[in-house]
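These notes concern the structure reproduced below.
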Protein chains: 2
Amino acid sequence: MPFAYEFARPALTVDCVVFGIDEDDLRVMLIQRGIEPFAGMWAIPGGFVRVDESLEDAARRELEEETGIRDVFLEQLFTFGRVDRDPRERVVSVAYYALTNLIGHDVHARTDATNAAWFALSEPPELSFDHAEILEAAYARLRGKVRYQPIGFELLPDRFTLTQLQRVYEIVLDREIDKRNFRKKILAMGILKDTGDVQKDVAHRAARLYRFDKRVYDRMVRKGFHFEV
Amino acid sequence: MPFAYEFARPALTVDCVVFGIDEDDLRVMLIQRGIEPFAGMWAIPGGFVRVDESLEDAARRELEEETGIRDVFLEQLFTFGRVDRDPRERVVSVAYYALTNLIGHDVHARTDATNAAWFALSEPPELSFDHAEILEAAYARLRGKVRYQPIGFELLPDRFTLTQLQRVYEIVLDREIDKRNFRKKILAMGILKDTGDVQKDVAHRAARLYRFDKRVYDRMVRKGFHFEV
DNA sequence: GATACTAAGTGTGGCAATTACACGAAAGGC
DNA sequence: GCCTTTCGTGTAATTGCCACACTTAGTATC
């Protein structure tokens, strides 16, 4: 035990709730625990913070180690610190949430030892520790934030159709949105760039592909623009 | 050094940004550091988290110990974890922000040893560590949240006039608000209870005193009501 | 190659919410 | 009793939001 301190210190971990979106469902990436406590049960990916890395670095590192996912939108969610949230000892966890398009993140291709899988948010498995609470908080944050921050794009591939974007909002907010009003509002903002391309290999009229123009968005925000869906 | 661990652990602290409101200014409570590093400079009140108390308990305890303030609105803000934010060793800090009416929280009456004082947010002193960053984040959160959560009341005494409430919003949001529209909107929500009393000892027509009715508000929220100013 | 299917793409009118705006009433000070 | 200060109130114009349906384009099927 080479590390000794005058006063007892809580262990510090990061946890990372990863959301992806499917045709019909919001999904969350979970890993199956190999060891006690809660061996065999599912949990949010995470692990200990090293003393020489920032919290966000730790979250990204653990995320990649445990699920193979990297280069995603990541934002701090909340820090969970109930005294008894881990039965072994005092553990404080800084939770993050990540948004990714699950196309291109085939879990089984990247994760070998650990068992990782996507679950529909509507039917999560029983979770270890206080992870159900963390998941709930992450979903609440996503629902709340998606309406006034342009993060819905993070759940889609780089280029997407307006219908796909609308589906993202419908799924996250769990309500139907009028097609014409949605397109009008989003296009009027001027934060989407028409790529000039259209969908390929679809059995119907191909839709235009758009890209989120972060440069323009940032510039507009500085001039007082306020995103809202 | 009775506490030893297999791996190095960051120290874990809480910091607490306390806002109060004045006739004309948003103010923040700071304490003057007695010891190095940054001795003599000002800092946000805070301290170490004990292993047997929750994060929020720690924040409330430190707040009372260092400033005498208790029973206030308190909410977690963000966790700051840059590797070099403390020159001595790795310290991760869970920041909270608190809202209070500074009438009735006369600093000097409660704090003896430590030097604590209110500062106008527009003219803060030079701050220790990364506390300027924390303060900025807290102010941003307050500005953002005050518009869609009924937390403006927390900066006022229990009973207040509509003009006082309007001033709170004007000061926090830093813009003028139309008096008639403001009153119309707030009263239409039905979350204020007219106490029947009026101001005393004012050299002009006395205004009605209202109280925020949290019961009614909570009930309305469950029915889908959405506060917005 | 004609027909059927699927999703893309587009405009208007009604209603609700937001904004701008000014003056008489009440209270205490002098 | 007159002055000063703040309280408290309504309306009209504008804007933003929402509901709503048909034509076009591309593939697949027969």
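Treat the numbers as computed from the prediction; the structure is a model and nothing was measured. Order of the sequence lines sets the chain letters (A, B, ...), proteins ahead of strands, with each chain counted from 1.
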**OP:** Name all residues meeting the side-chain contact (heavy atoms from CB on, under 4.5 Å) criterion together with B:S128; count only those two or more places apart in sequence or in a different chain, and write none if there are none.
**Re:** B:R33, B:F38, B:M41, B:A43
List the atom pairs, donor and acceptor, that lie under 3.5 Å between side-chain atoms in residues 216-229 of chain B and the rest of the protein, sequence neighbours left out.
unit_1 : atom_1 : unit_2 : atom_2 : d
B:D218 : OD1    : B:K214 : NZ     : 3.2
B:D218 : OD2    : B:K214 : NZ     : 3.4

Subject >> DNA chain D: 5'-most and 3'-most nucleotides touching chain A, 4.0 angstrom heavy-atom criterion >> reply: D:dC18 to D:dA28
Subject >> Set of side-chain hydrogen bond (donor to acceptor under 3.5 Å, both in side chains) partners for A:T161, sequence neighbours left out >> reply: none
Original post:
Using a distance-only test with no angle check, is there a side-chain donor-acceptor pair under 3.5 angstrom linking A:Y96 and A:E56?
Top reply: no
**OP:** Just jot down the salt bridge (charged side-chain N to carboxylate O under 4.0 Å, His left out) partners of A:D158, sequence neighbours excluded, or say none.
**Re:** A:R211
**OP:** Could you pick out which residue, A:K185 or A:V202, lies toward the 5' side of DNA chain D when each is mapped onto its nearest nucleotide?
**Re:** A:K185
**OP:** Just jot down the ring-ring contact (aromatic ring centres under 6.0 Å, His included) partners of B:F80, sequence neighbours excluded, or say none.
**Re:** B:F78
Subject >> Partner residues of A:D213 under the salt bridge (charged side-chain N to carboxylate O under 4.0 Å, His left out) criterion, sequence neighbours left out >> reply: none
Polar-atom pairs under 3.5 Å, protein N or O versus N or O of nucleotides 6-11 of chain C: list them with distances, or write none.
unit_1 : atom_1 : unit_2 : atom_2 : d
C:dA8  : OP1    : A:T163 : OG1    : 2.9
C:dA8  : OP2    : A:T163 : OG1    : 3.2
C:dA8  : N7     : A:K179 : NZ     : 3.3
C:dA8  : N3     : A:R205 : NH1    : 3.3
C:dG9  : OP1    : A:R208 : N      : 2.9
C:dG9  : OP2    : A:R183 : NH2    : 2.7
C:dG9  : O5'    : A:R183 : NH2    : 3.3
C:dG9  : N7     : A:K179 : NZ     : 2.8

I'd like a table of donor-acceptor pairs (distance under 3.5 Å, sequence neighbours excluded) in which one partner is a side-chain atom from residues 174-183 of chain A, with atom names and distances.
unit_1 : atom_1 : unit_2 : atom_2 : d
A:D178 : OD2    : A:R180 : N      : 3.1
A:D178 : OD2    : A:N181 : N      : 2.9
A:D178 : OD2    : A:N181 : ND2    : 3.3
A:N181 : OD1    : A:K184 : NZ     : 3.2

